**Q** 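This is the structure I want to talk about, given as structure tokens.
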Amino acid sequence: GNSVTQMEGPVTLSEEAFLTINCTYTATGYPSLFWYVQYPGEGLQLLLKATKADDKGSNKGFEATYRKETTSFHLEKGSVQVSDSAVYFCALSDQRSSASKIIFGSGTRLSIRP
Amino acid sequence: DAGVIQSPRHEVTEMGQEVTLRCKPISGHNSLFWYRQTMMRGLELLIYFNNNVPIDDSGMPEDRFSAKMPNASFSTLKIQPSEPRDSAVYFCASSTGLTNEKLFFGSGTQLSVL
């Protein structure tokens, strides 16, 4: 079945460092891909998405490119801030059923040191 | 727009007791999802509804769990009897149900079964 695999955390970086969080997927068809972020004590919220191959999603300085050839959707940011500390989830849409559902990876906890 | 509203925010109960979690989706959203989040298993989809009808309940752990959506503005997740291993954060999310549309999450219910 469809699934998402992302790098295990926690990831700890210094402020202004470059960030990469790896995500690969297994899917039939052509799913849409997402990154969600969860701040402490809150529910998940959409960070960015890409709906077809070679699309680049971007938001708040974060970017991810839909790579069909490598089945990947890695999250990147050129210069992280303390406020980026959160848990990041890679996800895909499963459209085989009558209503679309979202399948999440296990999450990667990111901590940024001042 | 008040967003997805979950209640209670925190629930502490004793093993064997019945627990009912409540969710009010965003008005106009046709799909509703229940997720469970734990450190060990990450974010698991328990069940989702489309137009008040359960589409996929394959993630419901066992017969002790049941979910209902009597109308478009209300859903419940019930655990009877509860067990300590049910302790987790339970999230409700809603979406328009259209392909590629994002999920809106509630703030979650922190459940502790003693």
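Computed from a predicted structure; not experimentally measured. Naming: A, B, ... by sequence-line order, numbering from 1 per chain.
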**Q** Just to verify, which of A/L44, A/V87, A/I102 counts as forming a side chain to side chain contact (heavy atoms under 4.5 Å, CB included) with B/L43?
**A**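 Passing option: A/L44.
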**Q** Distance from A/Y36 atom OH to B/L103 atom CG, nearest 0.5 Å?
**A**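 Here the rounded value is 4.0 Å.
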**Q** Look at atom CD of B/E14 and say whether more than 12 heavy atoms of other residues, nucleotides or ligands are closer to it than 6.0 Å.
**A** no
**Q** Select one option (side chain, backbone, both, neither) describing which atoms of B/N51 are under 4.5 Å from chain A's heavy atoms.
**A** neither
**Q** When rounded to the nearest 0.5 angstrom, what is the spacing between NZ in B/K102 and OG in A/S93?
**A** 15.5 Å
**Q** Hey, any chance B/M15 and B/F65 share a hydrophobic cluster, counting ILVMFWY side chains that come within less than 4.5 Å of each other, even indirectly?
**A**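 Yes: a chain of side-chain contacts under 4.5 Å links B/M15 to B/F65.
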**Q** By a 4.5 Å heavy-atom criterion (distance strictly below it), what part of B/Y35 contacts chain A: side chain, backbone, both, or neither?
**A** side chain
**Q** Evaluate whether atom CD of B/E62 has more than 12 neighbouring non-hydrogen atoms of other residues, nucleotides or ligands under 6.0 angstrom away.
**A** yes
**Q** Are A/Y39 and A/W35 connected, step by step, through hydrophobic side chains (Ile, Leu, Val, Met, Phe, Trp, Tyr) whose heavy atoms are closer than 4.5 Å?
**A**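 Yes; tracing contacts between hydrophobic side chains, which count when under 4.5 Å, links both residues.
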**Q** Verify the cluster assignment for B/Y48 and B/F74: are they in a single hydrophobic cluster under the rule of side-chain heavy atoms below 4.5 Å apart?
**A**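 As far as the 4.5 Å side-chain criterion goes, B/F74 and B/Y48 are not connected within one cluster.
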**Q** For residues B/Q37 and A/Q38, determine if any side-chain heavy atom of one lies less than 4.5 Å from a side-chain heavy atom of the other.
**A**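 Counting from C-beta outward, B/Q37 and A/Q38 do come under 4.5 Å.
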